[in-house]
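The structure appears right after this line, and notes come after that.
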Amino acid sequence: MKNRLKSHLEQALRQCYAQGRLHSGEVPEIQLDVPSHAEHGDFACNVAMLLARAEKIAPRKIAEELMAALGEGDGLWRKVEIAGPGFINFFLSNRCWYGVLDDIARAGEDYGRCHLGAGKKVQVEFVSANPTGPLHIGHGRGAATGDAVASLLEHAGYAVDREYYINDAGNQMNTLGLSLYLRYRELLGETLDFPANCYQGDYIRDLAAEVVASEGRRLLDLTEEQAVAHFARFGGERILAGIDDDLQAFGVRFDRWYSEQSLYDRGEVERGIELVRERQLAYEQDGALWFRTTAFGDDKDRVMVRSNGATTYFASDVAYHKEKFDRGYDLVIDVWGADHHGYVPRMKAVMTGLGRDPEDLQVILVQLVNLLRGGQQVAMSTRSGEFVTLREVIDEVGRDACRFFFLMRRSDSQLDFDLELAKQQSNDNPVFYVQYAHARVCSINRAAQEQGMQPPALGEVDFDRLVLDEELVLAKRLAQFPETIAAAAQSFAPHRVVFYMQELAAQFHSYYNRNRVITDDPETTRARLYLANCVRIVLRNALRVLGVSAPERM
RNA sequence: GCGCGAUUAGCUCAGUUGGAUAGAGCGUUGGCCUCCGGAGCCAAAGGUCAGUGGUUCGAGUCCACUAUCGCGCACCA
């Protein structure tokens, strides 16, 4: 609809130039905004103001010329006017708005999808928590965000892969192995000092206890080095399996689990370092090998190979990102904790250094979750091992509320997550409010069915029966859904979908409360059922993007 | 010290990428059930968009400085 208006405007502008009524020849991008006030119409265009400078005449004058060239617009609008400093305001015809109901009925599950991405390959890498402990709620927010962004991009026509990067190389796995080994020995009767830099959480003891149960004292015969290696492998696998379980319970599925260690095993890290050398971006200093990232905007060069010969995490990250693009992705998105924001410039520098556009790498930063219970802060500290796990929160408030709450705010701003509120079944709780709107339509359908009526199919509805303002407002809101998805996808911002749903649900609840869908008049009833079911379809599609269920009864 | 980010209603936050008179939810106050699910709805009050200057037809939005808060500044991962 917006696009149709746009092409009308472009045509009018070209006509003005052709007829010599305007002279500059400039064709700016036509912008159409939905004004905040209804008296300014359905869409407002500012092109006359943009042209004012080049044309050197008053914007209202330009707007007049454009309006004259616009003509009737074959019934798309019922009124066009010039207002304020030179806005061109369009008032669309009701028939045109109710046409979106047919679009929705026709498209069904696909309503809201678009081809913005043109099939480009995108990888979204997220969670990627170290396999040294269970997922906590911070990871949960990353999981919800990454999954929703991936889903948004799918809806916008990108070919998306979800990937989890496993940091299974380096000394943290040794630390894990050592932590388990020491707890194992403790459980078998030794008293020893458990080092502060080892993992303190109870899950370490639990895992060690499993080993005691299955292996007994046998592993005491190993050398410490052998034992640590054994425990590291065992612990890593078990913890990763637990993470996978938690993510499945959360409804997140990855296309690929990518091991950092495999980069070493296949020589990718070596190849990455070679490439940096070939491009003359490496130099040696103090016995270490450095990547000259300062050449591309980083404020410090970065070490790839330490003076003791060990490669850094940065080196494998270079290799990993190089390898992502080798796999043919056009766009790579990393979802990171916001405390890693300092790493963005260096990774962008790596992109440039490797000959890619830095825009091909997008980093989404996810801020901390502040967990509350009835307004009171829940204490958390990863260091001491006292943290609230994702699993605990899913078990307590349910997957739907959990995902919804994680996505309610822009990902880069801190989030208050109140467990009591998330469990509450009232209008204070936004997730129930939205789901309830969906269930309510289903309930109306059931009531209609009992009276022998089916939700009407395409073409069975007389839109002239929709005469209420609220019905028009609902139709307009429904028409906005595809652009909401597109805009949210382009800015990697799932929270926009949340806000959209809350508005739509509020409008529907309000409509429902004031009017009966099922009336004495069969034609009116049909039209209203049709409208209500379009609301249901859009709510369901929106919830699906976020990974939240759309229940038929609650 | 340097860098990144934030600052919008009593609280928690949006703000369609620079548009017209600033938007929700919660909280507060006052209303609404003979009715398809009240798990809901309606209404009112509430604002110097942190401050100062700048850019222009037009600034919550862009730029500079200031203040306050948060985070980051390893040959760790």
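Not measured: the values here are computed from a predicted model. In the text below, chain A, chain B and the rest are named by the order of the sequence lines, each starting its count at 1. In what follows, every heavy atom counts, from backbone to side chain, and hydrogens, waters and symmetry copies are set aside.
- Note on A/A288: a base of the nucleic acid sits closer than 4.0 angstrom, heavy atoms only.
- A donor atom on one side chain and an acceptor atom on the other are not found under 3.5 Å apart for A/D33 and A/N46.
- In B/rU17 the base sits syn relative to the sugar, since the glycosidic angle is no further than 90° from 0.
- Spacing between atom OH of A/Y511 and atom P of B/rC41 amounts to 16 Å, rounded to whole angstrom units.
- Among the nucleotides B/rC41, B/rC36, B/rG38, the one closest to any side-chain atom of A/Y436 is B/rG38.
- Checking B/rC41, B/rA20, B/rA77 against every side-chain atom of A/F87, the shortest atom distance belongs to B/rA20.
- Contact check on A/R528 versus A/E471 returns a salt bridge, with a Lys/Arg side-chain nitrogen under 4.0 Å from an Asp/Glu carboxylate oxygen.
- Going from the P atom of B/rA50 to that of B/rU16 covers 15 Å, rounded to whole Å.
- Across all strands, A/S510 comes closer than 4.0 Å only to sugar-phosphate atoms, never to a base (heavy-atom distances).
- One interatomic measurement links the two molecules: CZ of A/F405 to P of B/rC26, which rounds to 12 Å at whole-angstrom precision.
- Between A/W336 atom CH2 and B/rA77 atom P the separation is 16 Å, expressed in whole Å.
- A donor and an acceptor atom never sit less than 3.5 Å apart when one is taken from the side chain of A/T312 and the other from the base of B/rC75.
- Listed candidates were B/rC36, B/rC75, B/rG40. Nearest to the side chain of A/S307 is B/rC75.
- Although no hydrogens or angles enter the test, the distance criterion places a donor-acceptor pair under 3.5 Å between the side chain of A/H509 and the main chain of A/Y433.
- The distance between atom CG of A/D286 and atom P of B/rA74, rounded to the nearest whole Å, is 15 Å.
- For the pair A/R440 and A/Y512, the distance from NZ or CZ to the six-membered ring centre is under 6.0 Å and the angle to the ring normal is within 45 degrees.
- Under the side chain to side chain contact (heavy atoms under 4.5 Å, CB included) test applied with A/F432, the options A/Q424, A/M554, A/K423 reduce to a single match, A/M554.
- Nucleic acid contact class of A/Y433 (heavy atoms, under 4.0 Å, all strands): sugar-phosphate only.
- Side chain to side chain, A/H321 and A/D334 meet the donor-acceptor criterion of an N or O pair below 3.5 Å.
- Remark: the separation of the P atoms in B/rU61 and B/rU17 is 15 Å, to the nearest Å.
- Pairs of Watson-Crick or G-U wobble type, with distances under 3.5 Å, assemble into runs of 3 or more in RNA chain B at these ranges: B:1-7 with B:67-73, B:10-13 with B:23-26, B:28-32 with B:40-44, B:50-54 with B:62-66.
- Side-chain polar atoms of A/S413 and A/Q367 form no donor-acceptor pair below 3.5 angstrom.
- Picking from B/rG19, B/rC36, B/rA77 the nucleotide with the shortest atom distance to the side chain of A/H340 gives B/rA77.
- To the nearest angstrom, P of B/rC57 lies 14 Å from CG of A/L51.
- Nucleotides B/rG30 and B/rU34, compared at atom P, are 22 Å apart to the nearest Å.
- Taking the six-membered ring where the residue is Trp, the centroids of A/Y320 and A/Y258 are separated by under 6.0 Å.
- Distance A/Q502 CD to B/rG40 P: 13 Å, rounded to the nearest Å.
- With A/K476 contributing its side chain and A/W97 its backbone, the two residues share no donor-acceptor pair below 3.5 Å.
- A/T294 places no side-chain N or O within donor-acceptor distance of the main-chain N or O of A/D299, the cut-off being under 3.5 Å.
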Counting primed atoms, P, OP1 and OP2 as sugar-phosphate and everything else as base, the B/S/- map of nucleotides 2-14 of chain B against protein heavy atoms under 4.0 Å is -BB-------BSS
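- Scanning atom types as modelled, no donor and acceptor separated by under 3.5 angstrom connect the side chain of A/D317 and the base of B/rA77.
- In this entry the distance linking CZ of A/R346 with P of B/rG72 reads 13 Å, nearest Å.
- Residue contacts for A/A83: at a heavy-atom cut-off of 4.0 Å it reaches a base atom on one of the strands shown.
- Using cut-offs of 30° and 60° on the angle between ring planes, the pair A/H37 and A/H40 is perpendicular.
- Salt bridge annotation for A/R540-A/E552: absent, with no cationic side-chain nitrogen under 4.0 angstrom from a carboxylate oxygen.
- Distance check, rounded to the nearest 0.5 Å: CG of A/D412 to NE2 of A/H495 gives 8.5 Å.
- Rounding to whole angstrom units, CG of residue A/N513 and C1' of B/rG38 are separated by 8 Å.
- Distance from the side chain of A/V303 is smallest to B/rC75 among B/rG19, B/rA77, B/rC75.
- In the set B/rC41, B/rC36, B/rG19, B/rC36 carries the atom at the smallest distance from any side-chain atom of A/V517.
- No cation-pi contact links A/R403 to A/F406, judged by a cut-off of 6.0 Å to the six-membered ring centre and 45° from its axis.
- The residue A/N445 sits apart from the nucleic acid: no heavy atom pair falls under 4.0 Å.
- For B/rU29 and B/rA20, the P atoms lie 34 Å apart once the distance is rounded to whole Å.
- If you check every strand for non-hydrogen atoms under 4.0 Å, A/N515 touches a base.
- Near-neighbour residues of RNA chain B inside residues 28-46 of chain A, defined by a heavy atom below 4.0 Å, number-ordered: A/D33, A/V34, A/S36, A/H37, A/E39, A/H40, A/A44, A/N46.
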